[in-house]
Amino acid sequence: MSSTFSEIGGRLRELRARTGLNQQDFAETIDTSFRSYRAYENGQRELPTAVVLRIHEIMNVSPHWLLLGEKEPTDDRSMQIIEQVAKACLDAMDQSPTERDNAEKAKKLRLLVKLSLGQGECLPETDIRELLG
């Protein structure tokens, strides 16, 4: 049994625990047999690429995290989107005298970044202003 397989199995176990599913139901969800899934989670068998990709598609989990245990590095395009959102958000907040709490500003900024990254580009400034209230 490889320690790498064991580490991947631990991340599978963690992911499954977040879903609240048992091994049988999780195996069905990712379209693999219970026996195979149990072996992946116990670190007794290598996780095939096809299963990694299904987990990525179904559970929205980074293959980078699943296989290596690391967050996926942020690419240049994502960083550009984050910068655009931050600027638009700060501009809109400068125009809103009611928003003073930095913790609330940070939560709103996080939401706007998440929405923008999800759509692959910065939200329009009008949408940002509307979401900021």
Side-chain angles (χ1 to χ4, degrees):
M1 172 170 36
S2 167
S3 66
T4 303
F5 293 173
S6 178
E7 291 166 3
I8 292 169
R11 287 187 286 279
L12 281 172
R13 192 174 309 104
E14 178 185 330
L15 176 61
R16 182 177 58 79
R18 283 188 271 171
T19 67
L21 297 173
N22 62 33
Q23 285 183 333
Q24 177 70 44
D25 292 338
F26 194 83
E28 288 175 13
T29 300
I30 62 169
D31 196 27
T32 194
S33 73
F34 168 68
R35 243 176 105 181
S36 291
Y37 178 77
R38 185 178 58 205
Y40 305 145
E41 191 175 293
N42 291 331
Q44 298 168 333
R45 192 165 166 200
E46 184 174 2
L47 188 62
T49 303
V51 175
V52 171
L53 293 175
R54 277 198 302 274
I55 291 170
H56 168 67
E57 290 171 9
I58 295 168
M59 300 291 172
N60 196 27
V61 171
S62 164
H64 196 82
W65 172 79
L66 187 58
L67 297 174
L68 302 174
E70 301 170 357
K71 287 184 72 175
E72 199 161 351
T74 307
D75 61 20
D76 287 340
R77 178 68 184 135
S78 295
M79 290 304 294
Q80 289 173 342
I81 292 169
I82 291 168
E83 185 177 336
Q84 290 170 346
V85 171
K87 183 189 178 316
C89 192
L90 291 170
D91 289 346
M93 286 178 182
D94 282 346
Q95 296 172 5
S96 173
T98 60
E99 191 62 61
R100 300 210 187 279
D101 181 17
N102 283 341
E104 283 303 310
K105 288 179 184 178
K107 285 180 186 177
K108 289 178 180 179
L109 179 58
R110 181 175 185 226
L111 173 63
L112 290 167
V113 167
K114 187 174 182 180
L115 290 171
S116 294
L117 288 173
Q119 86 175 29
E121 63 185 16
C122 182
L123 293 174
E125 284 190 40
T126 54
D127 291 349
I128 290 174
R129 283 195 187 96
E130 184 178 329
L131 287 168
L132 291 175

Undergrad: Got a list of side-chain donor-acceptor pairs under 3.5 Å for residues 81-89, not counting sequence neighbours?
TA:
| from | atom 1 | to | atom 2 | distance (Å) |
| --- | --- | --- | --- | --- |
| Lys87 | NZ | Asp91 | OD2 | 2.7 |

Undergrad: For residues His56 and Pro63, report the shortest heavy-atom separation together with the two atoms involved.
TA: ND1-CD, 3.4 Å
Undergrad: Going by salt bridge (charged side-chain N to carboxylate O under 4.0 Å, His left out), name the residues that satisfy it together with Glu125, two or more places apart in sequence or in a different chain.
TA: Arg129
Undergrad: Run the side chain to side chain donor-acceptor pair (under 3.5 Å) test against Glu14 and tell me which residues pass, sequence neighbours left out.
TA: none
Undergrad: Can you name the side chain to side chain donor-acceptor pair (under 3.5 Å) partners of Arg16, sequence neighbours left out?
TA: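 Once residues adjacent in sequence are excluded, the partners of Arg16 under the side chain to side chain donor-acceptor pair (under 3.5 Å) criterion are Glu41.
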Undergrad: Quick one: do Ile58 and Val52 end up in the same hydrophobic cluster if we chain Ile, Leu, Val, Met, Phe, Trp and Tyr together by side-chain heavy atoms under 4.5 Å apart?
TA: yes
Undergrad: Given Val51 and Tyr37, is the side-chain contact (heavy atoms from CB on, under 4.5 Å) satisfied, shown in steps?
TA: CA-CA 10 Å; Val51 175; Tyr37 178 77; over 6 Å; no
Undergrad: Can you see which heavy atom on Arg54 is nearest to which on Ile30, and at what distance?
TA: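 Smallest heavy-atom distance, with atoms named: NE-O, 2.7 Å.
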Undergrad: Looking only at heavy atoms, what is the nearest atom pair of Trp65 and Arg18, with distance?
TA: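 Of all heavy-atom pairs spanning Trp65 and Arg18, the closest is CH2-NH2, 3.5 Å.
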Undergrad: Working to the nearest 0.5 Å, report the span between CD of Glu46 and CD1 of Ile8.
TA: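 Here the rounded value is 7.5 Å.
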Undergrad: Restricting to side-chain contact (heavy atoms from CB on, under 4.5 Å), what partner residues turn up for Leu53, sequence neighbours left out?
TA: Thr49
Undergrad: Can you confirm whether more than 12 heavy atoms, excluding those of Asn22, are under 6.0 Å from its CG atom?
TA: yes
Undergrad: So how far is it from Leu47 CG to Arg11 CZ, rounded to the nearest 0.5 Å?
TA: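 Going from CG on Leu47 over to CZ on Arg11, the span is 10.0 Å.
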Undergrad: Roughly how far, to the nearest 0.5 Å, is CZ of Phe26 from CG of Leu12?
TA: 6.5 Å
Undergrad: According to ring-ring contact (aromatic ring centres under 6.0 Å, His included), who are the partners of Tyr40, at least two apart in sequence or on a separate chain?
TA: none
Undergrad: Among residues at least two apart in sequence or on other chains, which ones pass side chain to side chain donor-acceptor pair (under 3.5 Å) with Glu28?
TA: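 For Glu28, the residues satisfying side chain to side chain donor-acceptor pair (under 3.5 Å) (neighbours in sequence not counted) are Gln24.
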Undergrad: Return the set of residues passing side chain to side chain donor-acceptor pair (under 3.5 Å) with Lys107 (not counting sequence neighbours), or none when no residue passes.
TA: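 By the side chain to side chain donor-acceptor pair (under 3.5 Å) rule, Lys107 matches no residue at all.
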Undergrad: Distance check, rounded to the nearest 0.5 Å: Ile128 atom CD1 versus Cys122 atom SG?
TA: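 Rounded to the nearest 0.5 Å, the CD1-SG separation comes out at 4.0 Å.
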Undergrad: Return the set of residues passing side-chain contact (heavy atoms from CB on, under 4.5 Å) with Leu115 (not counting sequence neighbours), or none when no residue passes.
TA: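 Listed in chain order: Leu111, Leu123, Leu131.
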Undergrad: Run the side-chain contact (heavy atoms from CB on, under 4.5 Å) test on Thr29 and Thr19 for me, step by step, so that the C-alpha distance in whole Å, both residues' side-chain angles and the decisive distance to 0.1 Å come before the verdict.
TA: CA-CA 11 Å; Thr29 300; Thr19 67; over 6 Å; no
Undergrad: Please name all residues satisfying side-chain contact (heavy atoms from CB on, under 4.5 Å) with Arg35, sequence neighbours left out, ordered by chain then number.
TA: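 Applying side-chain contact (heavy atoms from CB on, under 4.5 Å) to Arg35 gives Ser33, Arg38.
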Undergrad: To the nearest 0.5 Å, what is the distance between CZ (Arg13) and CG (Asn42)?
TA: 6.5 Å
Undergrad: Who pairs with Ala39 by side-chain contact (heavy atoms from CB on, under 4.5 Å), at least two apart in sequence or on another chain?
TA: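 Applying side-chain contact (heavy atoms from CB on, under 4.5 Å) to Ala39 gives Gln44, Arg45.
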